[in-house]
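Report on the following structure.
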Amino acid sequence: MFELMAHFLLPNTPLHEWALDPRDAVALQKRLASRVSQTDDLPETVTLVAGIDVGFEEGGDITRAAIVVMSVPEFSIVEHRIARIPTQMPYVPGLLSFRELPAVLEAISMLERTPDLFMVDGQGIAHPRRMGIATHLGLWLERPTIGVGKSRLCGQHEAVPDHKGGWTELHHRGECIGAVLRTRERVKPLYISPGHRISLETSIKWVMGCLTRYKLPEPTRQADKLASRKPGATVALEPHIL
DNA sequence: GCGACAG
DNA sequence: ATCTTGTCGC
């Protein structure tokens, strides 16, 4: 699906191109931020939703990205890929995309099908400069993305209703940048924010629509399992009762 | 200056 | 994120 991407760097961008100096990375984020859209621009019918997660091996020397493409509303895995590349950047709060996207893009390039929507672990616009990893990926692909974070990067919010589906807005510097959503009763809420080409309302709708019996939406949960799995580990069966 | 800080 | 043992619960 390379030909469908609108790159800000070339398709085969060398890894070192992502290893920017923190100052340059921040400057790039500020420039890209103006291109982000929160206007819904999804296919009429969304059939394939991708979940993306990243893990590390070899004490952090190897970055492993996992992508799982699921059909909705069946939630059956259509395709899944794992990419491993040398880690190029250290973890710096606010610059996560520069560290993890190279591996994510490698995994996406291995795909045979083109997802209609991408759910990325981490923030979308709920970021100091509105450029979380989900947003950066959305801009790179020029496709709808949603940020699904397990914890907060920035912003403030009120108490989150205890029932499944309950949520409250996440604010930062006077603007609503996302929602803190209770995806499961008595379980720590998720930080949902638009990545690109999608609104907050629609983002919440899709996350809720992809929930089964767990805290994480199914595409993300499946990607999580793949990303955290060791190279040759065996897949465990699970009773599929909904 | 001090504290916070996705994964 | 990763390291790392046991433990509570369905």
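Every chain is numbered from 1, with letters handed out A, B, ... down the list of sequences. As the structure is a prediction and not an experimental result, all values here were calculated from the model.
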Can a donor-acceptor pair be found, under 3.5 Å and without considering hydrogens, that links the side chain of A:Q88 to the backbone of A:P102? no
Would you check if the side chain of A:E79 reaches a backbone N or O of A:R113 as a donor-acceptor pair within less than 3.5 Å? yes
Would you give a per-nucleotide map of nucleotides 2-7 of chain B, 5' to 3', where B means the base has a protein non-hydrogen atom under 4.0 Å away, S means only the sugar-phosphate does, and - means neither? --SBBB
Report, as a single string ordered 5' to 3', how protein heavy atoms within less than 4.0 Å touch nucleotides 5-10 of chain C: B base, S sugar-phosphate only, - not at all. ------
Residues in side chain to side chain donor-acceptor pair (under 3.5 Å) contact with A:T220, at least two apart in sequence or another chain: none
Under 4.5 Å between any side-chain heavy atoms of [X] and [Y], yes or no?
X: A:P217; Y: A:T183; value: no
X: A:M131; Y: A:L32; value: yes
X: A:S76; Y: A:M70; value: no

Pairs counted as Watson-Crick or G-U wobble with both distances under 3.5 Å: what dot-bracket string results for DNA chain C, using | for bases tied to another strand? ..........
Take atom NE2 of A:H80 as the centre, draw a 6.0 Å sphere, and report whether it contains more than 12 heavy atoms from other residues, nucleotides or ligands. no
Pairs involving residues 184-198 of chain A, ordered by first then second residue, that meet salt bridge (charged side-chain N to carboxylate O under 4.0 Å, His left out) (sequence neighbours left out): A:D41-A:R197, A:E142-A:R197
How far does OG1 of A:T114 sit from CD1 of A:I108, to the nearest 0.5 angstrom? 10.5 Å
List the atom pairs, with distances to 0.1 Å, where a side-chain N or O of residues 161-181 of chain A and a protein N or O form a donor-acceptor pair under 3.5 Å, not counting sequence neighbours.
| from | atom 1 | to | atom 2 | distance (Å) |
| --- | --- | --- | --- | --- |
| A:K164 | NZ | A:T212 | O | 3.3 |
| A:E169 | OE1 | A:H171 | NE2 | 2.8 |
| A:E175 | OE2 | A:R130 | NH2 | 3.4 |

